[in-house]
Undergrad: 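One structure, as structure tokens, below. Some questions next.
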Amino acid sequence: MMNAPFATPSLSRRSLLKAGGALVVSFAVSPGRALAQQASGAEEAAIPDAFGSLADHPMLDAWIRVDAGGAVTVFTGKAELGQGIRTAILQVAAEELSVSPAETTVITADTGRTPNEGYTAASHSMEDSGTAVRNAAAQAREILLGIAAERLGIDRDRLSVENGVVSGGDQNIGYGDLVGGDVLHVQAEPVSMLKDPSRHTVIGTDVPRLDIPAKVTGAPAYVQDLRPEGMVHARVVRPPSYSSRLRSVETTTVESMPGVVAVVRNGSFLAVVAEREFEAIEAMHLLADAAEWEDTAELPDQETLYDFLLGMPSDDKVIQDVSGTAAAAVSSHEATYHRPYQMHASIGPSCAVAHFQNGAMTIWSHTQGVYPDRAAIAELLGMEVDRVRIIHVEGAGCYGHNGADDAAADAALIAQAVPGRPVRVQWMREHEHGWEPYGSAMVTRASAGLGADGNIVDWRYEVWSNPHSTRPGPAGNLIAGQLVEAEFQPGDPANIPQPAGGGDRNAVPLYVFPNSHVVKHWIPRMPIRVSAHRSLGAYMNVFSLESFIDELALAAGADPVEFRLRYLEDERARAVVGEAAGAFGWVDRPEPTPGRGRGFAFAQYKNLAAYCAIAMEVAVDGERGLIRPLRVVAACDSGLAVNPDGIRNQIEGGILQSLSWTLTEEVRFSRSMILSRDWGTYPILRFDSAPESVEVHVIDRPGEPFLGTGEAAQGPAAAAVANAFADATGVRLRDLPLTPEKVRAAAI
């Protein structure tokens, strides 16, 4: 046997033994988990935190079940949001169980069937759930092989398994014949015999995404497509603004309209239910005309938004303070960057279906947290939590905390008033734009000193931001909860600590400087509704840091890629930077072309997830004010690559989403209400503005842990396009988005 380190950064005590073509992973039990087990009276060995969510849900059959026919069902508390997690989880389970992916079914987030894994967020799905399923499947395989050895009378080491059939000599037995008596209803052990990566046949392959066929053929794929028997349609009448309260409403006319089933009013929550969808829409408009509201809304002046943010009370904290010896600075540089409020802008407005029957509520929703949303909705309805079930169904676009939780609450509240009929609530476009939680507006300031040799000797960075998580939570975090007669109060917003961070996510640079001082200014109260927008503060912080690094490289007369490598000590970071630069042909730059520029940017998401570097070429049309990305080359290291094509999908999608944020997106508002209510007032990236080519290079790391990928590209893509614009024009834009008006002004 050979001892070797298992490269899991979160572990301080671990060992990896290689024997018989397997990785035997063992971990020391953390004292905290051991004490918790003692307190609960459990006698079983504690499960290490590095086993992901298996540590919190240690029963193997919570994750893996095999029926008498040998079919395998895998359970994950994470939701499929279009990131391909269902396919990757299937691959992990099929690999470790040595079964065919075609014979494997994956059940995603459902409070009635799957483990509680909280939110599907922060690129944690593979790290938490993928790791849990991998270890549970490996342990289930070993249990079944042990039973097979006993049944066949053959030594365990002489057995092999393929497609769920255990073989030993001329004897075979299927998994289905081995699973009687709840053999997998046991707690996981703190040791897993994982397959050696050299023997992988499913992990590391481009298995086609399970969710794509229905989406491209028009088959039912989304919660918006659900049509249960007996279903009725509902629409909610929204107030003019956040603080509006319903003074009065005349409902007689609406109640007498053809097809109307009911008008539902609870405090300032107002909705209509009808047999057909268009009947509900017509009734909604008439009901809105009949409603009278009291309105005391007072939003900040958009023109002075950033001064307003800087003047709000904040909780200030130093999150990095490094003091070392360095040469004196001979020049100093500083810059301030701004990000407006931005929407999720889901292509499909939020939707949910709820059915209240026999005192129980079932909700189909595209929420990213079935268990947290269930708790909030149960509180809203005054029901016991175990009488509410939420089943996740994909939504047509929902990365981050958009309107999904609120639509689920709307549907449940209305269904409670119309028992026995499934109720479908479909938000209108103006409701999605006007009421979803936005990504926080932010201000960042960077300053640095350069020594005589052009090196950074002192780094200073500050970030001001509203919260980035106001998810349910309590019922008061739901729109309906604040409008009903009980007027539930919102919970305190989450100040997410480092190393992950919220508004300060990626505010601490991965670069190593002799002196570095980073401060976050957390502004807990906000006049505009905000919550988790994909990548949280990382998008803005990476945009700011990587833009400023480029400015410093220019001041030092250094190549931007070489300048970054001076301060990167992480070898995996250096490899990603080198891969992107090499594939792009960075060092082989031809003579500059007027109106063309190239930019580079890098980050490790949260400084602990996937590494991503991006090189980009853009064309700038100063007269029209347009920045057109032409060619994008990215490199990504996500640890062990389960589905390389899935990783490429995520990086490609992240780049396009970031370009939309960076070039076009900004919430407009007056002193009383949100003005961005449609695609005309909130434009997003169009097809003719997308890059001509996007090339993604995946660096596979067999034997390494999974690193979250979904939010790795957003920050680097934003900085790369801004750096390319500066390269093309000699002018630096620091205020997002880089709109045609700003481009034209800079080009003059």
Side-chain angles (χ1 to χ4, degrees), residues 231-297 349-356 361 363 365 376-377 379-382 403-419 421-437 472 475-490 529 672-674 677:
M231 186 186 78
V232 291
H233 296 268
R235 286 295 190 277
V236 178
V237 175
R238 291 293 179 211
S241 65
Y242 293 135
S243 59
S244 299
R245 290 297 178 264
L246 186 60
R247 181 189 299 139
S248 64
V249 60
E250 194 284 314
T251 63
T252 305
T253 302
V254 173
E255 289 170 335
S256 63
M257 291 177 65
V260 169
V261 174
V263 172
V264 178
R265 179 183 177 182
N266 184 335
S268 293
F269 180 86
L270 185 62
V272 61
V273 185
E275 294 288 349
R276 294 178 176 82
E277 186 165 19
F278 190 65
E279 292 170 340
I281 294 172
E282 286 187 312
M284 175 196 70
H285 288 308
L286 190 59
L287 196 59
D289 291 340
E292 295 185 8
W293 302 88
E294 294 179 359
D295 194 355
T296 59
S350 295
C351 181
V353 177
H355 191 192
F356 184 59
M361 183 72 71
I363 306 163
S365 168
I377 290 174
E379 181 186 4
L380 173 70
L381 301 178
D405 299 312
D406 296 301
D410 293 343
L413 196 61
I414 297 167
Q416 193 176 43
V418 189
R421 301 285 300 271
V423 175
R424 178 180 182 267
V425 169
Q426 172 67 69
W427 279 21
M428 308 297 284
R429 171 54 55 195
E430 62 268 25
H431 297 159
E432 184 77 25
H433 271 31
W435 287 90
E436 66 144 275
N477 283 29
L478 300 164
I479 296 172
Q482 297 176 33
L483 293 176
V484 295
E485 189 171 356
E487 289 196 25
F488 295 93
Q489 295 303 304
R529 190 185 190 206
S672 62
M673 63 187 300
I674 302 299
R677 297 283 182 161

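All values derive from a computational prediction rather than experimental measurement.
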Undergrad: For the atom pair CE (M257) and CG (L286), what is the distance rounded to the nearest 0.5 Å?
TA: 5.5 Å

Undergrad: Please determine which of Q426, E279, E277 meets the side chain to side chain donor-acceptor pair (under 3.5 Å) test together with R235.
TA: E277

Undergrad: Out of curiosity, D405 CG to S350 OG, how far, rounded to the nearest 0.5 Å?
TA: 8.5 Å

Undergrad: What is the minimum heavy-atom distance between P422 and H355, and which atoms define it?
TA: N-CD2, 3.7 Å

Undergrad: Supply the atom-to-atom distance M284 CE to H233 NE2, rounded to the nearest 0.5 angstrom.
TA: 14.0 Å

Undergrad: Under 4.0 Å between a Lys/Arg side-chain N and an Asp/Glu carboxylate O for R247 and E294?
TA: yes

Undergrad: Compare all side-chain heavy atoms of L270 with those of V263 and state whether any distance is below 4.5 angstrom.
TA: yes

Undergrad: Would you please name every residue forming a side chain to side chain contact (heavy atoms under 4.5 Å, CB included) with A290, sequence neighbours left out?
TA: V249

Undergrad: Got a sec, which residues hit side-chain hydrogen bond (donor to acceptor under 3.5 Å, both in side chains) with R677, two or more places apart in sequence or on another chain?
TA: none

Undergrad: Quick check for you: to the nearest 0.5 Å, what is the distance between M673 atom CE and Y242 atom OH?
TA: 11.0 Å

Undergrad: Distance only, no hydrogens: is a donor on one side chain within 3.5 Å (strictly under) of an acceptor on the other, for E250 and T252?
TA: yes

Undergrad: If we only count heavy atoms from C-beta on, is the T251 to R265 side-chain gap below 4.5 Å?
TA: no

Undergrad: Which heavy-atom pair separates A376 from A475 by the least distance, and what is that distance?
TA: O-CB, 3.5 Å

Undergrad: Can you tell if the side chain of R424 reaches within under 4.5 Å of the side chain of C351, non-hydrogen atoms only?
TA: yes

Undergrad: Can you tell if the side chain of V237 reaches within under 4.5 Å of the side chain of V272, non-hydrogen atoms only?
TA: no

Undergrad: Quick one: CH2 on W293 to OG on S241, what's the gap to the nearest 0.5 Å?
TA: 9.5 Å

Undergrad: Which pair of heavy atoms, one from L413 and one from A480, lies closest together, and at what distance?
TA: CD2-CB, 4.2 Å

Undergrad: Would I281 and M428 count as a side chain to side chain contact (heavy atoms under 4.5 Å, CB included) if you check the C-alpha gap in whole Å, the side-chain angles of each, and the deciding distance to 0.1 Å?
TA: CA-CA 9 Å; I281 294 172; M428 308 297 284; 4.2 Å; yes

Undergrad: Any ion pair linking R276 and E282 (charged N to carboxylate O, less than 4.0 Å)?
TA: no

Undergrad: Supply the atom-to-atom distance E432 CD to D406 CG, rounded to the nearest 0.5 angstrom.
TA: 9.0 Å

Undergrad: Considering residues at least two apart in sequence or located in another chain, which fulfil the side chain to side chain contact (heavy atoms under 4.5 Å, CB included) criterion with R238?
TA: V236, D410, W427, H431, W435, I479, L483

Undergrad: I363 and A354: which non-hydrogen atoms are nearest, and at how many Å?
TA: CG1-CB, 4.1 Å

Undergrad: Show the nearest heavy-atom pair for residues G434 and I674, with the distance to one decimal.
TA: O-CG1, 3.9 Å

Undergrad: What are the two closest non-hydrogen atoms of N477 and P490, and how far apart are they?
TA: OD1-CA, 3.4 Å

Undergrad: Using a 3.5 Å distance criterion without hydrogens, assess whether the side chain of N266 forms a donor-acceptor pair with backbone atoms of E485.
TA: yes

Undergrad: I'd like to check Q416 versus V264 (side-chain heavy atoms, cut-off strictly below 4.5 Å). Are they in contact?
TA: no

